[in-house]
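Written below as structure tokens is the structure these notes are about.
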Amino acid sequence: MKILFVCLGNICRSPAAEGIFSKKAHEAGLTVTADSAGTSAWHAGEKADRRMRQTAKNRGYELTSISRPVVSSDFDVFDYLIAMDDKNYDDLRQKAETTAQMNKVLRMRDFFSDKRYDHVPDPYYGGTQGFEMVIDLLEDASDNLIKFIQKQ
Ligand code: 4NP
């Protein structure tokens, strides 16, 4: 099973999703490959945002990803491409070339326990609280995503 987490810049939300999901999946004994990418190439080649890395580290996750844009082969290589918000979701579905590829695109909110939230909010222009909130949402969604994969 191969999962690609996708946000806009691939420096905040999707690197955190990759790191959190990977750690939890490993602890659950799942054999999965996780990666992350951006719908933009604005930050290609960069490490995850320092604030995101620090907040994740404080919560027990090392974020090691280097930003890269989504490429068309991702739709073949990965079993699921999971979007952090609705714009990422729409952008991904537009990049898909076949119905089968389009059907691989899911939203992280599909796996939220608390349905009061409907996306992973972009923390880039906000304060520390936004980064903590990203981790809270991703921890919960990762737990449910692992259950989803275990059922397949
Ligand atoms: P991300 O956050 O999509 O969670 O990586 C952002 C990073 C950079 C920008 C926007 C969102 N930006 O406008 O450069």
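Remember, predicted model here, so these are calculated numbers, not experimental data. Counting convention: from 1, in listed order, for ligands and their atoms alike.
The distance criterion of under 3.5 Å between nitrogen or oxygen atoms is not met by Pro123 with respect to ligand 1. The distance criterion of under 3.5 Å between nitrogen or oxygen atoms is met by Leu8 with respect to ligand 1. At a 3.5 angstrom cut-off on N or O pairs, Trp42 does not count as close to ligand 1. The distance criterion of under 3.5 Å between nitrogen or oxygen atoms is met by Arg13 with respect to ligand 1.
The shortest distance between side-chain heavy atoms of Leu63 and Glu18 does not fall below 4.5 Å. Two residues are said to be in side-chain contact when any heavy atoms from C-beta on lie closer than 4.5 Å; Asp140 and Asp114 fail this criterion. Leu145 is listed as a side-chain neighbour of Ile82, based on a closest heavy-atom distance under 4.5 Å. Between Pro15 and Met52, every side-chain heavy-atom pair lies at or beyond the 4.5 Å cut-off.
The parts of Ile11 lying near ligand 1 are both backbone and side chain, judged by heavy-atom distances below 4.0 Å. At a heavy-atom distance under 4.0 Å, only backbone atoms of Asn10 (N, CA, C or O) approach ligand 1.
For ligand 1, the atoms sitting less than 4.0 Å from at least one non-hydrogen atom of Gly9 are 1 (P), 3 (O), 5 (O), numbered in the order shown with element in parentheses. Less than 4.0 angstrom separates some heavy atom of Cys12 from each of these atoms of ligand 1: 1 (P), 2 (O), 4 (O), 5 (O).
Other residues, nucleotides and ligands contribute over 12 non-hydrogen atoms within 6.0 Å of the CD atom of Glu27.
The protein heavy atom nearest to atom 2 (O) of ligand 1 is Asp122 OD1, 3.3 Å. At the shortest separation from atom 1 (P) of ligand 1 among protein heavy atoms lies Cys7 SG, 3.5 Å. The nearest heavy-atom contact from the protein to atom 13 (O) of ligand 1 is Tyr125 OH, 3.1 Å. Among protein heavy atoms, atom 9 (C) of ligand 1 sits closest to Tyr124 CD2, 3.6 Å.
The nearest pair of heavy atoms linking Ile20 to Ile135 is CD1-CG2, 3.9 Å. Taking both residues in full, the closest heavy atoms of Ser36 and Asn10 are given as OG-ND2, 2.9 Å, listed atom of the first, atom of the second, then distance. Here the shortest heavy-atom pairing between Lys24 and Glu139 reads CE-O, 3.7 Å.
Ligand 1 lies less than 4.0 angstrom from a heavy atom belonging to His43.
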For ring pair (Phe, Tyr, Trp, His ring centres under 6.0 Å), just list the numbers for Phe111 and Phe21, CA-CA rounded to whole Å, side-chain angles, deciding distance to a tenth of an Å, and then say yes or no.
CA-CA 12 Å; Phe111 302 99; Phe21 173 78; 9.4 Å; no
